[in-house]
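Working notes, beginning with the structure itself.
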Protein chains: 2
Amino acid sequence: MARIQTQDALEIWCEVTSNIVSGDWPDLTLRQQAILMQVYLKPQPHTVRGLAKTLNITKPAVTRALDTLSALDLVRRKKDPNDLRNVLIQRTVKGSVFLSEFSDLFIRQADARGIEGPENRAAA
Amino acid sequence: MARIQTQDALEIWCEVTSNIVSGDWPDLTLRQQAILMQVYLKPQPHTVRGLAKTLNITKPAVTRALDTLSALDLVRRKKDPNDLRNVLIQRTVKGSVFLSEFSDLFIRQADARGIEGPENRAAA
DNA sequence: CAGAGTCAATACGCTTACGAAATAATCCAC
DNA sequence: GTGGATTATTTCGTAAGCGTATTGACTCTG
């Protein structure tokens, strides 16, 4: 049982961020990244209020981040038909592509360091 | 041999970014993160020009990012005594703490998913 | 020691982001 | 329905970011 080490973790982070920066992707803030990840990885539905609470930031900050992410077509807004006060944040193809590139970079770096997932995922 | 899977990679990234955002840390841009990581993980010395080239961004962008990171005491500027045109970017205690929290979050998430480093690091 | 070359930083005009407070739209209790 | 909650957004003034072009400091060549 060999846990991941600090050096590996930081190196992976360094390579992934550096690769994203030097590529064609936009210079997202940490908040925008976090919102994007939440929308794609946590169970739906996502609302402005919910994201603000989860990430411990103000609602206007979420609204503005969504403005940016929407303009980049990384997420999409949709009125909640059950409660028109709510705005549901939905995923897009382009957002999926972005996340996919993220994980590809991540996995490539992890593989290069001999890092492995669980042998038996079902039992985990 | 079980490689890391996309889902694990993205979940780790999601949790780390979300935790940093909801904590007391500043809302660094991806560029600032990348510069910070480069300075701490790649061999010294680091210059504005070198970072700009590595990350494929303009020199003024690096200068501004260093303004921000310096104000936060995450890095420090120092004139190169051998060539006073150069500015060497150096590490700080606070920056080390930041990176340390980063890696702690990362490792905690990786451990929770049964992800492991190489068994025999010397042989890797 | 003069002038070209190289480094980081600054100036400029513009865009984006911030938090607090105010608005607009909607729901719900009564 | 009307009034009070709740949701997201907008407004406001301010701060920070961007790229291009320029400046100021320094080095090095001839």
Side-chain angles (χ1 to χ4, degrees), chain A residues 17-18 20-39 44-90 98, chain B residues 17-18 20-39 44-90 98:
Chain A
T17 54
S18 297
I20 295 280
V21 166
S22 50
D24 285 335
W25 294 107
D27 185 28
L28 299 181
T29 67
L30 210 36
R31 290 177 170 191
Q32 292 163 350
Q33 294 171 56
I35 288 175
L36 189 61
M37 294 285 176
Q38 288 282 337
V39 168
Q44 315 236 28
H46 299 283
T47 64
V48 173
R49 174 169 172 72
L51 291 168
K53 185 170 183 185
T54 299
L55 298 174
N56 193 29
I57 57 180
T58 65
K59 278 197 296 180
V62 175
T63 294
R64 275 187 302 263
L66 292 176
D67 289 343
T68 302
L69 294 174
S70 299
L72 295 167
D73 196 29
L74 295 175
V75 301
R76 186 165 296 144
R77 284 180 168 104
K78 184 179 188 305
K79 281 277 187 191
D80 181 352
N82 297 325
D83 184 343
L84 293 176
R85 289 172 303 181
N86 287 336
V87 164
L88 305 179
I89 294 90
Q90 304 192 306
F98 182 84
Chain B
T17 54
S18 297
I20 294 280
V21 166
S22 51
D24 284 336
W25 294 106
D27 185 29
L28 300 181
T29 67
L30 211 36
R31 291 180 171 190
Q32 292 164 350
Q33 294 171 57
I35 289 175
L36 190 61
M37 295 284 175
Q38 289 282 334
V39 168
Q44 315 234 28
H46 299 283
T47 64
V48 173
R49 174 168 172 71
L51 290 168
K53 185 169 183 185
T54 299
L55 298 175
N56 193 30
I57 57 180
T58 65
K59 277 197 295 180
V62 175
T63 294
R64 277 187 301 264
L66 291 177
D67 288 344
T68 302
L69 295 174
S70 299
L72 295 167
D73 196 29
L74 296 175
V75 301
R76 186 166 296 145
R77 285 179 167 104
K78 183 180 189 304
K79 281 278 187 191
D80 181 352
N82 297 325
D83 184 343
L84 293 177
R85 290 171 302 180
N86 287 336
V87 163
L88 305 178
I89 294 90
Q90 304 191 306
F98 183 84

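The sequence lines fix the lettering, A, B, ..., with proteins before strands; numbering per chain opens at 1. Being a predicted model, the structure only gives us computed values, none of them experimental.
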Worksheet item: Below 4.0 angstrom from OP1 or OP2 of C/dT16, is there any side-chain N or O of A/Arg64?
Response: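 Indeed not, no polar side-chain atom of A/Arg64 lies that close.
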
Worksheet entry | A/Ile89 CD1 to A/Lys78 NZ distance, which is reported to the nearest 0.5 Å |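 Separation between the atoms: 12.0 Å.
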
Discussion item. For a 4.0 angstrom threshold against heavy atoms of chain A, report the outermost contacting nucleotides of DNA chain D in 5' to 3' order.
Written reply: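 First and last nucleotides in contact are D/dT6 to D/dC18.
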
Residues which pass side chain to side chain contact (heavy atoms under 4.5 Å, CB included) with [X], listed by chain and number, not counting sequence neighbours:
X       : value
B/Pro45 : B/Leu88
B/Thr54 : B/Gln38
A/Ala34 : A/Leu55, B/Thr17, B/Ser18, B/Val21
B/Lys79 : B/Leu84

Excluding sequence neighbours, so at least two apart, what forms salt bridge (Lys or Arg N to Asp or Glu O under 4.0 Å) with [X]?
X       : value
A/Asp80 : none
B/Arg76 : B/Asp73
A/Arg85 : A/Asp83

Item to complete: Assign A/Thr29 to base, sugar-phosphate, or nothing according to its heavy-atom contacts below 4.0 angstrom with the strands shown.
Response: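 No contact.
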
Protein-nucleotides 3-9 of chain C N/O pairs closer than 3.5 Å?
| residue | atom | partner | partner atom | Å |
| --- | --- | --- | --- | --- |
| C/dG5 | N2 | B/Arg85 | NH1 | 3.1 |
| C/dT6 | O4' | B/Arg85 | NH1 | 3.4 |
| C/dT6 | O2 | B/Arg85 | NH1 | 3.4 |
| C/dC7 | OP2 | B/Arg49 | NE | 3.3 |
| C/dC7 | O3' | B/Asn86 | OD1 | 3.2 |
| C/dA8 | OP1 | B/Val48 | N | 3.0 |
| C/dA8 | OP1 | B/Arg49 | N | 3.4 |
| C/dA8 | OP2 | B/Arg49 | N | 2.9 |
| C/dA8 | N7 | B/Lys59 | NZ | 3.3 |
| C/dA9 | OP1 | B/Arg77 | NE | 2.7 |
| C/dA9 | OP2 | B/Thr63 | OG1 | 3.3 |

Worksheet entry | Interatomic distance, A/Leu72 CG vs C/dT15 P [rounded to whole Å] |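 Rounded to the whole Å, the gap is 16 Å.
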
Worksheet item: Of A/Asp80 and A/Ile57, whose nearest nucleotide on DNA chain C comes first from the 5' end?
Response: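 The 5'-side residue here is A/Ile57.
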
Worksheet entry | Residue closer to the 5' end of DNA chain C, A/Leu84 versus A/Gln32 (nearest nucleotide) |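 Result: A/Gln32.
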
